[in-house]
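Quick note on labels: first sequence line is chain A, next is B, and so on, each numbered from 1. This one's a predicted model, so the numbers in the text were calculated from it and none came from an experiment.
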There are 2 protein chains.
Amino acid sequence: MKPRSNKSKRTRKRIVAKHLADELGVSISTISRAFTPDTRISPKTKAKILEYAASIGYQPNPYAQSLTTQNNTIVGIVVSDISNNPFYPEALARLSDALRQAGYNAMLFPVSEGQTPDDVLPQALAFEPEFVIVLAATVSSQATVFAAEGGTNLIFFSRYVPGSPTFSVTCDNADGGRAIAEHLVECGHTRLAYIAGTPKTSTNRDRWTGFSERCTELGVTDVHKEETGIFSYDSGYQAALRMFARSARPEAIFCANDIVALGAMDALRGELGLKVPDDVSVAGFDNIFMSGWPSHSLTTYNYPLEQMIAQTMMLIERISNDPDYDPISVVVPGHLVVRSSTRARNGQDEHPAG
Amino acid sequence: MKPRSNKSKRTRKRIVAKHLADELGVSISTISRAFTPDTRISPKTKAKILEYAASIGYQPNPYAQSLTTQNNTIVGIVVSDISNNPFYPEALARLSDALRQAGYNAMLFPVSEGQTPDDVLPQALAFEPEFVIVLAATVSSQATVFAAEGGTNLIFFSRYVPGSPTFSVTCDNADGGRAIAEHLVECGHTRLAYIAGTPKTSTNRDRWTGFSERCTELGVTDVHKEETGIFSYDSGYQAALRMFARSARPEAIFCANDIVALGAMDALRGELGLKVPDDVSVAGFDNIFMSGWPSHSLTTYNYPLEQMIAQTMMLIERISNDPDYDPISVVVPGHLVVRSSTRARNGQDEHPAG
DNA sequence: CTGAAAGCGCTAACAT
DNA sequence: ATGTTAGCGCTTTCAG
């Protein structure tokens, strides 16, 4: 975190509070008060100062502010495998936007290849942010403790650490798995299959759990699980090929996410010459924008990104107002989006559930 | 940029240099020297300090550092319409990764709906970053001046401001347009069309210019230009429908980017029942990962993201070492990627040009 | 090679 | 309502 050499261009002259004070014939404190809410200052002088400041482009130095007030506007965002799922970048974009609108500044801490979130978390903690949002990654409980000691709240977005008392905002993955199970069974399918994503992730685990449990409840026991190493197009593609190379072919496939589903679908149609949904139904999870394209028109479970962002911001506000607010897991439900990749029964069709 | 209320959890006790000084029986200055390169300090004490610091997780306060040294590690990244093109998020992710590896910290400044980059740039400038990278957006020359006055270097990524002396790193859009033109003509097409993207962008303009100019050079004069308001799937979809509602249908279409091309392709195949490339050839620009999917297998021009990031980092290093380095425009060439959305002639096929 | 002292730009008591 | 003073945690002369 050490400052870099920064030879000034010409003679970079920064405008500081003293300049305004001299120019307007007031003290430096008064300048400060004009920029600090809930402080005693006459509206007249405040207006005068603000106006002059705007005209010359003065803004209080945030580093000095942080130093004196002992707090700052920075929220760290730790992200990993961002380009793997087209949904993460959007989450990142919206999150940082929401943060900015709430007066925070998002600082990005990408986890590079070969690194773990634990490697980059300290860098984020150096800025002593009130919050660090961990997006699509897991962090050791060790690191969690470090953060807590520094007074930083870790918020897991779209992931959670089971058993560990941390803040998290996730999609209701189990409910999604259940919804898909119901839908496929309703379509009349009895030989089902699941194509998995990254094994150790909570998303993968919970989607499978919800799916298989609901299947059992509905009396469907022929549910195959096909493992893959990772959430990816190619994973889905290869998994589908493997499954259909066997004799017992499924009638319907639920994929761990849309990307995997899209891959599976392309393998089924392109490589195996099967028709979707006539020969096999395919469903995904996330409802990424490509899933709505006519080329795939994928049935899926909508990932409630908007609400998750909103919940995250609410959480941040709550914690900010009450530092002793206890860790909670916010689980946001999504909804089924039926398109034409699953066999429609009785004229049932696009059924916009939300 | 004003600090937010931040009541401490329990009694948040930050570790500061004085603590180490007391504990190790040295002065604060010595602690500082242990973390500052090129300073006189005995290797022994330095090692002792660094070791102890690591054990208790001490890091110098970056705010204090910035205040005293008058420089910082922050690089602002101004981004807009990030979710419109799946390529931007990747650029963002890689850029911030590269920055971090170079010792910088990426701070995100998203341009929200209804805002312009000019609205958020001041927020970035408040942190007095040495650099602000402007991604996929344009900034008024007015704002450019403000930045320069504060000593901040603006670097346009994937955009440039014609005529204005600024730093920019762009893809060779004109070359790409030319390459596609050559390819389509080589395929034997004579009635060509271009589906545009966001009108005022340099990417859209340059791709069209290169394309149309090369067509002319090659003696092909029947080139239609179909405008759209924006780079999007739907733009491509609708534009294709409009074009094919007319009597003079093109034989080949070059789309301003892959997203537009994918939309056009789906309209052609799904809605109009045409075959690609048998009835019409379609080419895009960017080579986003979906373009390689079997479902579309789109011929395109590879966007040299990797090299552009590398060039950007080189630029940053140069400017950092020589603050009077004059503004330059770095233009990075990509290469043609032929897939099966364009009619192959003489057994010509996937021809990996890079 | 190390310590003491000054000061970066600002905010927050404390006076007035 | 405004000015004065004392730091925030660090780096950097300047002494030694």
Side-chain angles (χ1 to χ4, degrees), chain A residues 1-6 8 12-50 53 56-73 125-128 150-151, chain B residues 1-8 12-49 53 58-73 125-128 150-151:
Chain A
M1 215 56 39
K2 94 190 45 78
R4 346 197 70 263
S5 81
N6 182 14
S8 60
R12 182 207 298 209
K13 196 73 183 146
R14 264 269 124 197
I15 305 168
V16 298
K18 186 170 188 329
H19 174 76
L20 306 217
D22 292 349
E23 211 67 23
L24 298 172
V26 296
S27 74
I28 296 180
S29 321
T30 304
I31 302 295
S32 172
R33 279 189 265 261
F35 288 92
T36 314
D38 306 320
T39 185
R40 264 156 292 285
I41 182 175
S42 92
K44 240 185 70 179
T45 53
K46 176 167 181 173
K48 184 177 65 176
I49 293 173
L50 255 29
I56 60 172
Y58 168 80
Q59 300 182 70
N61 182 317
Y63 305 110
Q65 283 187 141
S66 295
L67 196 54
T68 53
T69 63
Q70 301 283 49
N71 52 205
N72 57 70
T73 63
L125 295 180
F127 286 91
E128 301 177 28
Chain B
M1 215 59 36
K2 92 190 47 77
R4 345 198 73 263
S5 78
N6 184 14
K7 301 152 196 169
S8 61
R12 180 208 300 208
K13 197 70 184 149
R14 266 267 124 199
I15 305 167
V16 298
K18 184 168 190 329
H19 173 78
L20 306 217
D22 292 349
E23 211 68 23
L24 297 171
V26 295
S27 73
I28 297 179
S29 319
T30 303
I31 303 294
S32 172
R33 279 190 264 263
F35 288 92
T36 314
D38 307 320
T39 52
R40 261 156 293 283
I41 183 175
S42 89
K44 242 185 67 180
T45 52
K46 176 167 181 171
K48 184 178 64 177
I49 292 173
Y58 168 80
Q59 300 182 69
N61 183 317
Y63 305 111
Q65 282 188 142
S66 296
L67 196 55
T68 53
T69 63
Q70 301 283 48
N71 52 206
N72 56 71
T73 63
L125 295 180
F127 286 91
E128 301 178 28

- Can you label the angle between the A/Tyr63 ring and the B/Tyr63 ring as parallel, tilted or perpendicular, going by 30° and 60°?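 Ring orientation of A/Tyr63 relative to B/Tyr63: tilted.
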- Message: Counting the atoms with a prime plus P, OP1 and OP2 as sugar-phosphate, which does B/Ile28 contact under 4.0 Å by heavy atoms, base, sugar-phosphate, or nothing?
- Response: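 Base: the residue B/Ile28, judged by heavy atoms under 4.0 Å, touches a nucleobase.
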- Report which part of the nucleic acid A/Thr45 touches: base, sugar-phosphate, or nothing (heavy-atom distance under 4.0 Å, all strands).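 Sugar-phosphate, backbone atoms only, no base.
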- Classify the side chain of B/Ser29 versus the base of D/dT12 as yes if they form a donor-acceptor pair under 3.5 Å and no if they do not.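 Pair found.
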Whole Å only: how far is the [atom1] atom of [X] from the [atom2] atom of [N]?
{"X": "B/Arg40", "N": "C/dG3", "atom1": "CZ", "atom2": "C1'", "result": "15 Å"}
{"X": "B/Ile31", "N": "D/dT11", "atom1": "CD1", "atom2": "P", "result": "11 Å"}
{"X": "B/Leu24", "N": "C/dG3", "atom1": "CG", "atom2": "P", "result": "11 Å"}
{"X": "B/Asn61", "N": "D/dG9", "atom1": "CG", "atom2": "C1'", "result": "6 Å"}
{"X": "B/Phe127", "N": "C/dG9", "atom1": "CZ", "atom2": "C1'", "result": "15 Å"}
{"X": "A/Asn72", "N": "D/dG9", "atom1": "CG", "atom2": "P", "result": "13 Å"}
{"X": "A/Gln65", "N": "C/dG9", "atom1": "CD", "atom2": "C1'", "result": "9 Å"}
{"X": "B/Lys18", "N": "C/dA4", "atom1": "NZ", "atom2": "C1'", "result": "13 Å"}

N/O donor-acceptor pair under 3.5 Å between [X] side chain and [Y] backbone:
{"X": "A/Asn72", "Y": "A/Glu128", "answer": "yes"}
{"X": "A/Asn61", "Y": "B/Leu67", "answer": "no"}
{"X": "B/Thr68", "Y": "B/Gln65", "answer": "yes"}

- Query: 5'-most contact on DNA chain C: A/Arg33 or A/Ala17, nearest heavy atom basis?
  - Reply: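 The 5'-side residue here is A/Ala17.
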- Let me know, please, whether B/Ser42 or A/Val16 comes out on the 5' side of the other along DNA chain C by nearest nucleotide.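 Counting from the 5' end, the first nearest nucleotide belongs to B/Ser42.
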- Message: From C-beta outward on A/Ser27, which listed nucleotide comes closest to its side chain: C/dC10, D/dG3, D/dC10?
- Response: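 From the listed options, D/dG3 comes nearest.
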- Task: Kindly point out which of D/dC8, C/dG3, C/dC10 is positioned nearest to the side chain of A/Pro60?
- Result: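 It is C/dC10.
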- Message: For the residue pair B/Ser27 / B/Thr30, report whether a side-chain donor-acceptor contact shorter than 3.5 Å exists.
- Response: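 B/Ser27 and B/Thr30 do have a side-chain donor-acceptor pair below 3.5 Å.
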